[in-house]
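Presented below is the structure to which this report refers.
All chains are named by letter (A, B, ...) in the order of the sequence lines, taking the proteins before the strands, and each is independently numbered beginning at 1. Keep in mind that what you see is a predicted model, and the values were worked out from it rather than measured.
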Number of protein chains: 2
Amino acid sequence: MATPSFSAVLRLLGANARLEERFSNGLGSLHGLALKEVLLLMHLEQAPRHRLSRIDLAKRLYVSPSTVTRMAAPLEKLRMVGREADPRDARLAYVVLTEAGQELVANARASLEVMAADIFRDRWTKPEIASLADLLGRLTAGQPGDLG
Amino acid sequence: MATPSFSAVLRLLGANARLEERFSNGLGSLHGLALKEVLLLMHLEQAPRHRLSRIDLAKRLYVSPSTVTRMAAPLEKLRMVGREADPRDARLAYVVLTEAGQELVANARASLEVMAADIFRDRWTKPEIASLADLLGRLTAGQPGDLG
DNA sequence: CCTATATACTTCCATATGCAAGCAATAAGG
DNA sequence: CCTTATTGCTTGCATATGGAAGTATATAGG
């Protein structure tokens with residue numbers, strides 16, 4: 001029917017939809033945060049000084065700057081992140097991971113790793129999982145701040 | 001850092017975001033339709049008698065039934081799909097692909113296959129693409145109406 | 001310096017989407 | 001038959017998101 005390339009793309013779209021559904025169901029009840037919010041915190045955790053500008057976060061999360069502004073607001077209210085100005089450039093308003101945020105992201109990451117392992121539990125060998133991760137990594141290569 | 005399973009999941013999310021961005025940019029200008037609308041038409045094309053109930057479409061597109069209702073409305077206005085009642089069950093309102101819809105989906109599919117090939121143009125061998133498609137197919141297995 | 005351009009962020013508006021509620025029709029069980 | 005539960009679809013409401021416009025700051029070029 002479809003070319004192999006097209007088939008790969010179509011299946012990636014489907015696999016993504018299934019994964020998002022699965023993770024959303026499991027995660028919200030556990031930590032009260034959406035998957036995207038946890039990813040935001042994970043990017044901060046990985047960044048130097050645990051902080052990133054909203055623009056950098058937007059690039060890493062593949063969303064618009066306005067979305068980052070609105071995602072950060074409730075996280076700031078929950079004291080998971082703080083706001084920090086740059087002394088050299090008054091335009092910058094870094095999003096900084098707090099202590100509480102670090103704790104939460106550690107727990108959420110553990111939950112996510114369990115859920116991820118569950119997805120491959122049946123009918124997958126370790127080399128197959130590694131191969132999938134490797135091939136997918138080539139599709140996202142060249143981006144700053146790869147989490148995985 | 002992350003377990004291989006978690007890494008695969010994270011990269012899949014990122015790859016999906018990049019692909020959607022790329023396909024949205026290229027497709028809208030070509031045929032005036034969003035990627036999701038083309039996928040809807042492709043599912044109809046593949047279905048017996050070129051028609052599906054809104055519920056079946058929702059499952060295949062991984063969206064809610066209300067979204068299908070609202071996606072079909074403008075396509076019906078454009079005469080890409082029609083509405084057909086079931087003589088046995090008056091609750092069913094099939095979405096049917098029209099002649100014009102078949103033409104459009106053929107053209108759009110060709111565009112999508114070119115775009116898909118573009119994504120893998122550099123640094124990918126045919127076996128690698130096939131392997132990726134195969135592995136991703138295992139994540140979506142068991143679903144009705146696989147397009148690829 | 002002064003002006004023009006670019007950047008970071010925020011806010012407004014339009015659109016997309018899921019969920020709950022509602023309606024119509026069918027199916028199931030007495 | 002009649003009642004109840006189920007199913008397919010639509011609509012109202014709340015939320016999420018991108019893009020355009022607006023503000024403030026920084027940079028580049030005379």
Side-chain angles (χ1 to χ4, degrees), chain A residues 13 16-18 20-29 32-40 44 47 51-77 81-96 144, chain B residues 13 16-29 32-40 43-44 47 51-77 81-96 144:
Chain A
L13 297 176
N16 178 75
R18 290 191 108 177
E20 287 202 342
E21 184 186 19
R22 193 158 173 172
F23 275 62
S24 296
N25 288 343
L27 196 63
S29 48
L33 292 187
L35 174 58
K36 292 181 177 179
E37 293 176 310
V38 175
L39 292 177
L40 187 154
L44 293 179
R51 70 180 200 180
L52 286 169
S53 74
R54 280 157 170 75
I55 294 289
D56 284 342
L57 269 173
K59 289 175 187 160
R60 285 164 170 73
L61 295 169
Y62 299 101
V63 298
S64 67
S66 43
T67 296
V68 173
T69 291
R70 284 177 294 223
M71 283 178 70
L75 291 173
E76 195 173 343
K77 194 149 274 178
V81 304
R83 175 180 293 242
E84 207 172 283
D86 187 315
R88 315 272 181 114
D89 188 338
R91 291 172 303 180
L92 291 173
Y94 293 110
V95 182
V96 197
Chain B
L13 296 176
N16 178 75
R18 288 190 111 178
L19 288 193
E20 287 203 343
E21 184 185 21
R22 193 156 172 174
F23 276 62
S24 296
N25 287 344
L27 196 64
S29 48
L33 292 187
L35 174 58
K36 292 181 178 182
E37 294 175 309
V38 175
L39 291 178
L40 187 154
H43 278 289
L44 294 179
R51 69 181 201 179
L52 285 169
S53 75
R54 280 157 169 76
I55 294 289
D56 283 342
L57 270 173
K59 288 174 188 161
R60 284 165 170 73
L61 295 168
Y62 299 99
V63 298
S64 68
S66 44
T67 296
V68 173
T69 291
R70 285 177 291 225
M71 284 179 69
L75 292 173
E76 195 173 343
K77 195 149 270 176
V81 305
R83 174 179 294 241
E84 206 172 285
D86 186 317
R88 315 271 181 116
D89 189 337
R91 290 171 304 183
L92 291 173
Y94 292 111
V95 183
V96 195

So, OP1 or OP2 of D/dT10: does either fall under 4.0 Å of a side-chain N or O from B/R83? yes
Name the nucleic acid region contacted by A/V68, choosing base, sugar-phosphate or nothing; use a 4.0 angstrom heavy-atom cut-off, strictly under. nothing
If I take atom CZ in residue A/R54 and atom P in nucleotide D/dA24, what distance separates them, rounded to the nearest angstrom? 17 Å
From CG of A/L92 across to P of D/dA26 the rounded distance in Å is 9 Å
Rounded to whole angstroms, how far apart are CE on A/M71 and C1' on D/dG18? 14 Å
Has A/T67 got a side-chain N or O lying under 4.0 Å from the OP1 or OP2 atom of D/dT17? no
CZ of B/R91 versus P of D/dG8: gap in Å, rounded? 6 Å
From CG (B/L40) to CZ (B/R54), nearest 0.5 Å: 9.5 Å
As an exercise, state the distance from CG of B/L39 to CG of B/L44, rounded to the nearest 0.5 Å. 11.0 Å
Okay, side chain of A/E76, backbone of A/A73: is any donor-acceptor separation there less than 3.5 Å? no
Whole-Å gap separating P (D/dT7) and CG (B/L57): 19 Å
What distance do A/L92 atom CG and A/D56 atom CG have between them, rounded to the nearest 0.5 Å? 8.5 Å
Name the residue closer to the 5' end of DNA chain D, choosing between A/R88 and A/V63 according to the nucleotide with the nearest heavy atom. A/V63
B/K59 NZ - D/dC9 P separation (whole Å): 10 Å
Does a side-chain N or O from A/S66 land closer than 4.0 Å to OP1 or OP2 of D/dG18, or not? no
Is there a side-chain contact between B/K36 and B/L61, using heavy atoms and a 4.5 Å cut-off? no
Whole-Å distance separating the CD1 atom of A/I55 from the P atom of D/dG18: 13 Å
Assess whether a salt bridge exists between B/R91 and B/D89, defined as any Lys/Arg side-chain N lying under 4.0 Å from an Asp/Glu carboxylate O. yes
Does OP1 or OP2 of D/dA16 have a side-chain N or O of A/R70 closer than 4.0 Å? no
Under 4.0 Å from any heavy atom of chain B: name the first and the last nucleotide of DNA chain C that qualifies, 5' to 3'. C/dT17 to C/dT26
Return no unless some side-chain N or O of A/K36 is found under 4.0 Å from OP1 or OP2 of D/dA16. no
Side-chain heavy atoms of A/L75 within contact of A/V95, under 4.5 Å: no
Integer-rounded Å distance: D/dT25 P and A/Y94 OH: 16 Å
